[in-house]
Amino acid sequence: MPDLQEHFARAIALAAEQLGSDAAPVIVVEPSAVPEAGDYSSPVAFRLAKSMRRPPREIAESLARILEANPPPYTRAVTASGGGYLNFLVDFDSFAPEVVREALSVGDVVAPDSAAGVKVVVEHTATNPNKAAHLGHLRNACIGDTVSRLLRATGHRVEVQNYIDDTGVQVADVLVGIRHLGLQPEEGESFDRFCSRAYVEVCHRYETEPALLDLRRETLRAIEARDGEIATAAKELTSRIVDCHLRTMARAGISYDLLTWESDIIELGFLRQALDLLLEHGVMRRPDQGPLSGCWVLPLEETLEGGEADLVDAKVLIKSDGIATYTAKDIAYHLWKFGVLGLDFGYRLWADGGPSTSTSEPDLATLDPLQFGHAGRVVNVIDQRQSAPQRVVKEALRRLGFEGQADALHHLAYEVVALSPAAADALGVDTTSGKSQYALSGRQGIEIGADALLDEAQRQVEAKARNADTAARLAASAVRYYLLRFGLNSIITFDFEEALRTSGDSGVYLQYAHARACGILQRVDPLPMPARALELSSQERELIKVIAEFPRAVAEAAASLTPSTLAAYTFRLATSFNDVYEHTERLYRIQDPEVRGVRRGVVDAARATLARALQLLGMEPLARI
RNA sequence: GCCCCCAUAGCUCAGCGGAUAGAGCGCCGGCCUCCGGAGCCGGGUGCGCAGGUUCGAGUCCUGCUGGGGGUACCA
């Protein structure tokens with residue numbers, strides 16, 4: 001796709017040189033803020049003004065004269081306006097056919113990046129395998145999934161990993177509920193919902209029955225010993241929950257290349273190996289005094305007093321009882337991700353024929369050693385609250401001498417999902433304090449299940465969808481778009497009404513625009529695209545510009561790892577298409593084959609681009625609704 | 001205490017140092033002899049406060065106020 005902004009920027013650079021500018025400023029070209037001035041504008045003259053010691057307006061006029069004499073491709077005119085803006089008018093006669101042609105031929109890699117080909121490991125979801133996935137997990141997964149798609153679309157080799165923390169205390173909690181409180185699934189209750197309920201119940205009972213805490217300790221010890229009936233029960237529990245999570249996420253179009261089990265990391269000696277490395281390199285120390293005496297720690301802040309180092313702040317990696325913390329395991333995991341640990345997993349398929357592969361102990365491995373891990377770059381989609389431990393992992397890599405790996409480790413932090421007062425009230429939370437948002441809490445059962453939300457969305461669209469399958473996809477689109485629309489730094493204050501909206505800035509609106517385009521095309525047979533596109537309406541010209549910006553939108557979203565910018569682009573594209581639909585003559589009525597061919601081409605290009613954008617957002621484009 | 005994030009329209013949010021700050025929702029009014037009305041068009045109010053940098057600041061810097069989070073021998 002011809003990137004006009006890039007073309008224009010290069011032409012400006014040459015013209016500026018010709019004008020005698022010695023400095024090479026960063027040249028910004030943007031869609032014009034004032035449409036009367038042109039299609040694209042650049043404030044470059046303002047930047048040149050100082051070094052050239054001439055008024056910006058004068059510089060812009062000189063640049064315009066030079067560019068007019070030798071115009072860049074697809075340019076109809078170059079003008080100066082305002083205090084010194086340089087404006088480009090696009091020649092749509094030649095530009096439109098080019099855009100249509102390219103939009104219809106774009107492949108999976110939309111905009112190759114300079115780092116294309118690099119292997120990127122993206123870790124996301126990582127929901128504790130002891131209860132149903134909720135809204136917060138779904139936000140994580142949607143972000144991670146779209147980031148993965150964006151990286152693939154810019155030419156990276158992507159491996160999506162879902163970390164399964166199956167040795168944590170929360171698994172013990174649910175087991176206590178099932179084994180010692182005799183909790184049973186209710187009629188029609190799914191297994192993960194049942195576990196969520198058991199978890200809430202157990203956490204509640206801990207407060208009044210301290211004896212249960214002993215049972216928890218005992219259960220946890222049995223799980224970590226990896227032996228006996230309790231360990232088997234834990235393995236079965238976590239496997240069943242993981243299956244539930246995979247089903248839930250699949251409803252939203254999310255899948256994984258590899259399930260990484262924490263128990264395998266421990267079982268296969270990854271942790272021991274990592275700890276050995278940390279010891280050998282003197283990264284980990286054991287204070288013999290102070291509050292952390294008896295622990296193995298990674299020092300974070302020290303002061304020198306009388307030549308003696310005094311530990312001010314440190315991260316505990318091994319507790320005084322000899323048990324490693326989560327951060328220690330995460331360091332081991334990341335050494336493996338980068339292929340520098342010196343150990344590897346076995347691999348087997350998960351759930352026969354499913355999309356995922358699982359790590360495994362070597363003697364259970366059924367797959368040839370595949371090229372998992374060995375990342376050139378790692379992206380961890382983990383909420384903002386984990387920033388501190390993530391920094392420690394990065395720092396540990398650095399101190400072990402893996403500087404490059406530390407630099408290539410990126411914590412993609414995002415804000416959490418909270419509840420609006422209305423949503424909190426609907427869940428029975430006391431909202432008399434009048435706060436503007438209320439925290440979710442799995443422990444207290446204050447949460448919105450991912451499945452429950454998708455079900456609700458489906459009910460919402462059922463009446464107007466042609467069948468249940470379409471309704472399911474529309475529902476998934478609505479929810480996904482809602483969760484991706486927000487910037488990563490925004491707390492989503494969840495509100496049912498907003499999330500389930502089917503009009504305006506919503507996933508359903510996008511799907512409808514796509515289906516509408518498909519409908520138009522079905523009614524009119526394909527025609528050849530003329531070399532020159534005459535008689536385009538102003539709405540069609542605008543649409544052509546938006547379509548042409550697609551690769552740039554993808555490249556920017558991928559470079560900054562922000563799905564929300566792609567969501568915004570897609571909404572703009574759909575709006576622009578609807579504008580054309582509403583304001584140009586009905587396609588089937590057009591007699592002139594050339595005009596008809598051009599206009600059909602524009603609709604087809606919009607359809608194709610909308611489809612690609614929806615796919616990147618993880619929404620399966622619907623041809624009919 | 002220290003660190004991070006946030007503050008833009010009645011509400012929910014976009015806004016990469018550039019021209020007159022935009023969407024959606026809600027409210028009022030308009031547009032169907034149907035290419036799919038889950039649409040389109042019109043109507044209006046706003047960058048928390050105070051400084052600074054800049055030709056130019058919602059955007060960058062400093063301080064303040066108000067919210068959220070982190071700072072565990074939890075994961």
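Within every chain, numbering begins at 1; the chains are lettered A, B, ... in the order of the sequence lines, protein sequences first and strands thereafter. These numbers come from a predicted model, not from an experiment.
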So, under a plain 3.5 Å distance rule, would you say the side chain of Y581(A) forms a donor-acceptor pair with the base of G39(B)?
no
Mind telling me whether Y509(A) and F571(A) have parallel, tilted or perpendicular rings, with 30° and 60° as the class edges?
tilted
Side-chain contact check for F486(A): nearest option of U12(B), G24(B), A19(B) is U12(B)
Nearest-angstrom distance from the residue atom NZ of K315(A) to P of C73(B):
7 Å
Out of C13(B), G68(B), C40(B), which nucleotide sits closest to the side chain of N578(A)?
C40(B)
Donor-acceptor side-chain pairing of Q384(A) and E415(A) below 3.5 angstrom
yes
Mind calculating the distance between OH (Y414(A)) and C1' (G68(B)) to the nearest angstrom?
16 Å
Round to the nearest Å and state the distance from I625(A) atom CD1 to C35(B) atom P.
18 Å
Within this structure, what is the CG-to-P distance between D495(A) and C11(B), rounded to whole angstrom?
14 Å
Between atom CG in L573(A) and atom C1' in G39(B), what is the gap in whole Å?
16 Å
Give the rounded distance in Å between these two atoms: CD1 of I492(A) and C1' of A14(B).
14 Å
Quick one: does N87(A) reach the base of A19(B) with a side-chain donor-acceptor pair under 3.5 Å?
yes
Side-chain touch L587(A)/R523(A), heavy atoms, less than 4.5 angstrom:
no
Atom-to-atom span, CG of L510(A) to C1' of G36(B) - whole angstrom
16 Å
Are the ring of F571(A) and the base ring of A23(B) both nearer than 5.5 Å at their centres and tilted by less than 30°?
no
Shortest side-chain distance from S41(A), nucleotide among G70(B), G18(B), A19(B):
A19(B)
What is the separation between atom CD on Q386(A) and atom C1' on A72(B), rounded to the nearest whole Å?
13 Å
Whole-Å P distance, A21(B) and C55(B)
23 Å
So, E456(A) and R459(A), do they make that salt bridge, N to O below 4.0 Å?
yes
Any K315(A) side-chain heavy atom under 4.5 Å of L300(A) side chain
yes
Using purine N1 to pyrimidine N3 plus N6-O4 or O6-N4 for Watson-Crick, or N1-O2 and O6-N3 for G-U wobble, both under 3.5 Å, which nucleotide pairs with U62(B)?
A50(B)
Report the nucleotide, chosen from C5(B), A19(B), C40(B), that has the shortest atom-to-atom distance to any side-chain atom of E582(A).
C40(B)
Heavy atoms from C-beta onward define the side chain here; which of C35(B), G36(B), U54(B) lies closest to that of K50(A)?
U54(B)
